[in-house]
Amino acid sequence: APASTPVADDAEAPAAEETVAEEAPAAEEPAEEASAPALDMKNPDTYVFVTFGEPQTLDPAWTYETTGAAQQNNIYEGMVWFNREDTGSFVPVLSTGWEINETGDIWTFDIREGVTFHEGGTLEPHDVAYSVQRALLQDRLDGPHWMTLEAFFGLYSVEDLAIGDSEKEFSDLSDAELVAACEKVKSAVVADDEAGTVTYNLATATPWFLAMLTNNFLAATYDMEWMVEQGAWDGSCDNWVQWHDPEQENTVLFNVANGTGPYILDHWTPGEEIALVANENYWRAEGDPIWEGGPSGIASIKNVVWKIVDEWGTRQAMFEAGDADFIAVPSQYRPQLEPDYGVICDEAGNCEDASDGYIQAWTDLPSLAMTPAQFNQSINVEGGNPFAGSGELDGNGIPAEFFRDVHIRRAFSYCFDYEAMISDALNGEGIQSQGPIIAGMLGYREGEDPIYSYDPAKCEEEFKLADSDVWETGFYLQIAYNTGNDTRRLSSEILKAGLEAVNPNFSVQVVGMPFAVLLNARRAGKLPIYVGGWLEDFHDPHNWAHPFLHSQGAYGRVVNMEEGLAAEFDALVEEGAALTDTEERRAVYEEIQLKAQEDAPMIWLYQPVGRRHFQHWIKDYYYNPAYPNAAYSYIYALSKGE
Amino acid sequence: MQKKILDVKGLETRFRTDEGVVHAINGVSFEVNEGETVGIVGESGCGKSVTMLSVLRLIPMPPGVISAGSAEFYEQDLLKLSEKEMQSVRGAQIAMIFQDPMTSLNPVLTIGKQLTEPMLLHLSISEEEADRRAVELLEMVGISEAEGRLKDYPHQFSGGMRQRVMIAMALSCNPKVLIADEPTTALDVTIQAQFVDLVKRLQADLGMAIIWITHDLGVIAGLAQRMMVMYGGLFIEEADVKELYANPQHPYTVGLLGSLPRLDGKHAERLVSIDGLPPVLYAPPTSCPFAPRCEFVVEKCLEENPALEEVAPNHKVACWVDIATGRMK
Amino acid sequence: MTILKKLLKNPTSLIGIVILTLYAIMAIGAPYFAPIPENARDPYMIPRDGFSTTPNPPSEEHRFGTTEGQYDIYYGVVWGARTAFRIGVVITLITTIVGVLIGSLSGFYGGWVDELLMRFTEIFQAFPFLLAAITLTSVLQTVYGRGEANGLVFMAKIVAFLTFGQNPAEKIDPVQLQVLTGMLAIIFFGWMGIARVMRGNILAVKESEYATAAQIIGAGNMRILFRHLLPNAVFPILVIASMNIGSYVLTFAALSFLGLGAQRGYADWGQMISFARNWVPSLGEYWYIVVFPGVAIVLFVLAWNLVGDALRDILDPRLRGSGSV
Amino acid sequence: MSALVRVENLKKYFPIRKGLLRREVGSVHAVDGVSFEIKKGETLGLVGESGCGKSTTGRTFLRVYEPTDGKMMYDGVDLASLNAVEMRKMRRKLQMIFQDPYASLNPRMKVLDIVGESLIVHKLATGKEVQARVEELLTLVGLNPAFANRYPHEFSGGQRQRIGIARALSLQPEFIICDEPISALDVSVQAQVINLLEDLQEEFGLTYLFIAHDLSMVRHISDRVAVMYLGGIVELADKDDLYEEPLHPYSQALLSAVPIPDPVAEEGRRRVLLKGDVPSPINPPSGCRFHTRCPIAETICVEKRPEQREVKANHFVSCHLVDAEEVVA
Amino acid sequence: MLTYIIRRLFILPLILIGVTMLVFAMLSMLTPYERASLYVSDIPKRQGAIEDIVKKYGLDDPIHIQYWRWMVGQKDEVTGEIDGGILRGDMGFSTVGHMPVAEVIKHRLPATAELALLSAIPLIGLSVWMGIKSAVHHNKLPDQILRVLAIIGWSVPTFVLGLLLLMFFYAKLDWFPPERLSLWASQIVQSGEFTRYTQMNTIDSLLNLRFDIFLDALRHLVLPVITLSIISWAFLLRVTRSSMLDTLRQDYMTTARAKGLNERRVIKGHAVPNALIPVITVGGMTLIGLFNGVVITETIFNYPGLGKFMAASAAMLDVVSVLGMTLFSSFVLVFGNLIVDVLYGIVDPRIRLD
Ligand SMILES: Nc1ncnc2c1ncn2[C@@H]1O[C@H](COP(=O)(O)OP(=O)(O)OP(=O)(O)O)[C@@H](O)[C@H]1O
Ligand SMILES: Nc1ncnc2c1ncn2[C@@H]1O[C@H](COP(=O)(O)OP(=O)(O)OP(=O)(O)O)[C@@H](O)[C@H]1O
Ligand SMILES: [Mg+2]
Ligand SMILES: [Mg+2]
């Protein structure tokens, strides 16, 4: 998903916050090693999460932001789940196993028996199919289902599916056409209650399908009968439009939940807290761990409270007072907590005593997020554009196609002080990116440094190579950020400093503005440079190459790449997605990664590295960066104790 | 000779203000006998009110200070009493009513409450008894349907009635001395006549001494037996009423009487006017305060402040000059 | 004249005046006390030393230390004095003028004019001030961010002219824009108190004999209003105005605290304190980020209040002649 | 001599608005049918108790208030019919002196501006001429011309009243309404102002309407006197005629209530004491306004409002019970 | 008096309509697209998404039509149901609050009311008492100290004070925590065995005879109450002081003293009742004015009341919430003023008996 929610006081909300994990063998329980911290454990039965931001709704199918996903992961379950911290292997949950056909486009899951819902229903295969169908049909303007629909139909919206080849608007479609669309959806996921299976019929081979199945918007399984009772879609194709594209508050699951997971929703008091209680009738038997050595039976922590505290100072105070077991820490405030680090753990769960502080800190956790600065290669300067100044290369502005010149793009890439960004702005917690594909992922050019580094001499050289005489005339442009988005602001400020230092004729103005203005300007194509990051939806390079570089990608669409270049990238991205062989794919993605640097359609800035801060008495934490909200955890696996 | 009940000697009061020290009264002495009415006249700001407030120790302190003098009430120096003792004198022995009936009553308390308050305080009677007496008092001062009006608030009374309430309040504890500080200034003449008449009757009935402060020489003429003229914080002339009007000895008194036209038409074609302005009281008087405006002024007047001296029986004047001859005495 | 003398004699207001004088010196001499760095494009943008989010304690280079983002606190405090004066004085000036105008018209003409203007005033008063200012600021920032010309921009230009002496013919400087939006929002919802007091005062002096006297010698309405009523009614407004200066600076600081104040890095005390907002739990270590701008703002507001308080005592007719202030 | 000023049946009601729509629910009958004449060079005294409508009469005549009804002839012109521009021109001839020398001078204007404003308003002088004329006027009223640059608060009450008089004179008016010009002044200063007014009248042939509480002073300064009660004139006559032989019971009571600053004269006086207070002008009593307090009232007084009759030569009375023949006899 | 109240009640709707119009006028400064972008969280994936939103919510309709729709609601063409409409008590759905605005208010009002109430009682008591003391000892040491304190209290930004208090009394000493209740207490309160009569924890806990919860609730209220009331305290102190000084100068004070009353009775019996009359107006308005302080105080102490909601919705420009909250707070303000006026009339016999 495009990283950044206006709710968060920290730009890439979860990503910049903290992220990810690996192995933490039981023997190395951090808490036991910690020297006695000042505080005694408060609330032994309750896990208190203190964070900012709040889910928009509790309906998994609607949710496309990570805050909501955090609670849903503990309430709902799907076919599979990650194998502890491993981002690439999966353990069955509501399924007992699965089969893939040869072409990789038909997936059949055996549905587990003896699973009950919180409200008492029993899980049957048709519940699973219903859940997926409902999600797809419900689809919404802005939702996550562009990717699920892509997997099932090669389309991005259920409305497009219904419209098909006809020229009509969605609202003008006949009932028959609507029913037909629904039937298509129904045939994409088919349940066989007798056989106890559910079959997913995909459009093409989709290597990342299992990864996608860890997302609640597709995976969350509801009790169909219960849902219908509540007034949700009843499974018939006659009137599905009634439930299509609802406002967030208009789904039955807006503030109630009925899943199969280890926790039951107790209440959600918007603006205050969300509380869960352990599911005393959880289907997983004691001694039948979810993964080897993993939790089983009823959850060890009996209550979970998400407290919504937007003010950092208050959060920190609650942490210090021992009232919070976990708090969300924007990266810039980490130094305030560092003196109290009692135990420091790394990504793999290797922990060391640091002091007698109360904090159990997990550090150096790579996050699955990355932020570039995107050039707009065809700026809309019509009718005056304050962001482009005069709109001409006269020293007081930039022309519309300023960034079509690869030398200028490269010059900009050389003029950004990556180190300053990482060491100052991110407190050293980041990695300079070498293209769209993040570190550790297939296609990442392991062992190779990024092409660009902060180098004013090269910057100057590239500027002088440019077709225009920009070096002599100079330029003026504005980089905008939405107020409160610190990542955008800092990146812009560092770019400004670098450019202005290399030539006094270069002038960059960094302006903060309300999100609505920024969005509006961007919609109109007026922003010359836009800093926007990406947080992965599923763990696959396709989810990185496509958004940034494909001409239909979420970002690629609006950077107005010169046609030739765009065609080259489109071909590469599509090629990478179509392949199934890992090595073949690796080659394609490495090529993409290199080209993305050489042609510099964006300044590839950084991939942040996160931290987690717990009270020392939280046990059994591990870091899986691919969790839909890596900032949170699978609480079922946690426990609390001195 | 009647019995002396109030004997004030050498009273001095100062106010410390930002502009400087105001020498409001500068050594005044006077006495009041049982049952008599004494008038004090003088123009605005000459110190009439401050004199009486000083006697009752009601001037605001700070900024006020009573810097010298004594005020003996039945041979007991009021200025030396403790505050508590003083409280038992106020209202009970010496009562006071004020100039403006509109502002002298508390607007948020009922008439009844305000009227019974001093009685409950000084007379140790029950509330019912106090209420009963309050009705009597109101009837005494001529307020009809008194019983029903105890629950009324001051704003429901007219000016004249409020002043009656004030006097009822002042008389409620049968004081020995009633100090009336310009009680009729704010009233219309017809109401003033009613009020003066009322006071006269009350005095006849109750026999208290009255100190009546005014700047209206007319009111005092028909009311007082003895009067004192004040100027610049000093008494400058003191005499029996008839003597004073018939035979004023101080140039200021002479001028004052001459500047008044008379209703009965016995007036000069042209009024006598006293030119100049009343004195500013920022410096202690080292000369006669009237000297700058005085037509008889001689050098001595500017050098030394004359003391009050008897020039005829019961007639004292503070002046160096004999106005009949225009020469120094 | 005498008022000033009294103010100087009164110890509390004297303290206030001394503090304000020092601030004025600081504001006027800002380029001397905190020289503008050579390559600065706008002297009000605080120079920064790197981008690190962790504040740094006072050192030789940075007398008062640096805030998060490495903005120099000393520079910000010194130049912030200018901002504070500008914000406080300009807002007060405009709200006072508007309030006086509306209040006067309302009180002077009475009848339906009064009825209309007072209902209008009551509507504005029905908003909780801070909330209204917050809302309007965010709306205005959006509107101005668009960069189109309209009536609102005209208003902003007037304020810009008064605040920064900016030529109205030129485009509004984007750096100043945010300051302007906050100011405008406060102005929008800040004039009512003055209007009401003014109306009351006008009503009172309208009944005065000198107003009748002016009418009798044949003076026209406008002459009576401007020569006789306004000068007499406007004086008590001084007290309110002087205290308003302080409270507007506080309101603006509150906007800054909520992220709606000045452009980031702008020399504005409120914003500098809001930089401190997130360091408060560890203030023992980072005390300087709240102490310097905090003291600056508290003293500034305090000084105005001291003066206003003394002024009230001096001008309040009820307290006059009490012989003490 | 013909009448310079003739007021006929003048009425001024102040509306009282109440309720939702600010409807007029009643009115203050401040002036309720007043008629009188003033000849050129003459002084008409207007006396009465507080609130009886004296000031309103004067102010309405100057169109400070719009008259409710009646004619206000000045030199043959009905002031009530003039429009704003004509009235402004007229104002040059008509002026007013106010009661309160503290409230009637704008405290934020210099004497020069206060006195010279009228010249500027009527474009009679500019710049230096104004200064010269103001200095001339100040000298005329007995002030030092150097005072022109001072503010009112730097003056004493008497001096302020002189400034007020200078302002009134600045347009060289013919007719001046003096609304209690001395009642706020100290006794010793009152005479100064009265003498000044008399001198000016002589010098410029001014005509005065002299409003006052103080009956003695009215007798002194006026040629004729009108007595007002609750919005109407009850008696109007030459002053000696009126003071020596008041015919209306109210005039009689009023005059008897005024104290004389002479204890001898006071001793023998008999007072006619009125009952109660002046009724409210909001719902004035029916018939004769005075019947509620009148010692001799009869039923006709309750029913019918008496006309103003000339019971003797130049002696007008509004009373049913004053018999013309009896009076003459 | 009565007609005055009736008149005010009559004008009230006019003012409230004016308020809604003013809010809408502010809103109309935003283009439909800017307003539509309030409904999305970041760059939408699909081109035309914003246009769809504009169409869906009718944001490009003329402003008066939108206003009308907001006032009276909109008829759903399919179901025939009327949706929304302020006049029907429907203020719309708050994106920030995740429930209808009316419900947010219903839900959060008790918390804010509790905070305001608990601020008001000590606030009024203390500031009035101190104001009287200050005036009685005019220009003496206590007066000088209180005056200086008041001016300082009046000059310190709320957020600085709040954060300092929080850091010291909570983070360092753990005496007074933020929010409304401790976890254990909140679990009891939310459980079935605890009846929530008023939703105000202090009152409810007393009614349930749970004194431990009462104490806990109080503990949580200490800091917000201090932060919230400090400015009002300073202001009210000054008002009381000046009103009292004024009263002490009145003639009737001398009358009271001349009766022989001792100073205490003069002050208590005669001065205070008079001096408090104007304080009622100002005090009432100060209380209403707490609404302003509540925004920042609740944010800092994470106190789940209306103020925090206001701040959040304003910051997110959640137009529906802002409109609703503004409307509601105007209501409170206007009615509050009315009550204050009536109270004033009742207390002052000069007005009451008019
Ligand atoms: N509280 C005070 N502070 C300062 N000066 C005062 C105070 N009270 C009275 N004075 C001064 O003391 C002098 C005498 O005042 P006082 O009230 O006794 O005059 P008065 O003769 O009663 O005048 P009036 O006829 O106007 O009542 C005046 O000059 C006055 O200014
Ligand atoms: N502008 C006004 N609006 C309403 N009522 C008024 C107005 N001016 C005067 N009145 C009322 O008209 C009546 C007459 O008032 P006016 O001032 O003429 O009396 P007056 O005889 O001059 O009294 P005083 O001797 O006190 O000056 C009073 O009852 C007064 O309250
Ligand atoms: Mg006096
Ligand atoms: Mg009058």
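Proteins come first, then strands; the chains are lettered A, B, ... in the order of their sequence lines, and each starts at number 1.
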Does any non-hydrogen side-chain atom of [Y] lie less than 4.5 Å from one of [X]?
X         : Y         : answer
Thr254(E) : Phe98(B)  : yes
Met169(B) : Lys259(E) : yes
Pro154(B) : Tyr252(E) : no
Leu261(E) : Gln87(B)  : no

Check your understanding: Rounded to the nearest 0.5 Å, how far does CG of Asp100(B) lie from CD of Gln250(E)?
Key -> 10.0 Å
Name the region of [X], side chain, backbone, both or neither, that has any atom closer than 4.5 Å to a heavy atom of chain E.
X         : result
Met86(B)  : neither
Leu121(B) : side chain
Leu53(B)  : side chain
Gln114(B) : both

Pick from [options]: which one has the most heavy-atom pairs with chain E under 4.5 Å?
options                                  : result
Thr103(B), Asn106(B), Thr110(B)          : Asn106(B)
His122(B), Met166(B), Met96(B), Gln93(B) : His122(B)
Leu56(B), Leu105(B), Ile94(B)            : Leu105(B)

Check your understanding: Okay, side chain of His270(E), backbone of Leu109(B): is any donor-acceptor separation there less than 3.5 Å?
Key -> no
Practice item. Return yes if some donor-acceptor pair links the side-chain N/O of Ser104(B) with the main-chain N/O of Asp251(E) below 3.5 Å, else return no. Key: no
Check your understanding: For Glu127(B), does the CD atom sit with more than 12 other heavy atoms under 6.0 Å from it, leaving out its own atoms?
Key -> no
Check your understanding: Should we say atom CD of Glu129(B) is surrounded by more than 12 heavy atoms from elsewhere, each under 6.0 Å from it?
Key -> yes
Review point. Chain B: which of Leu248(E), Asn262(E), Thr247(E) shares the most heavy-atom pairs with it under 4.5 Å?
Key: Asn262(E)
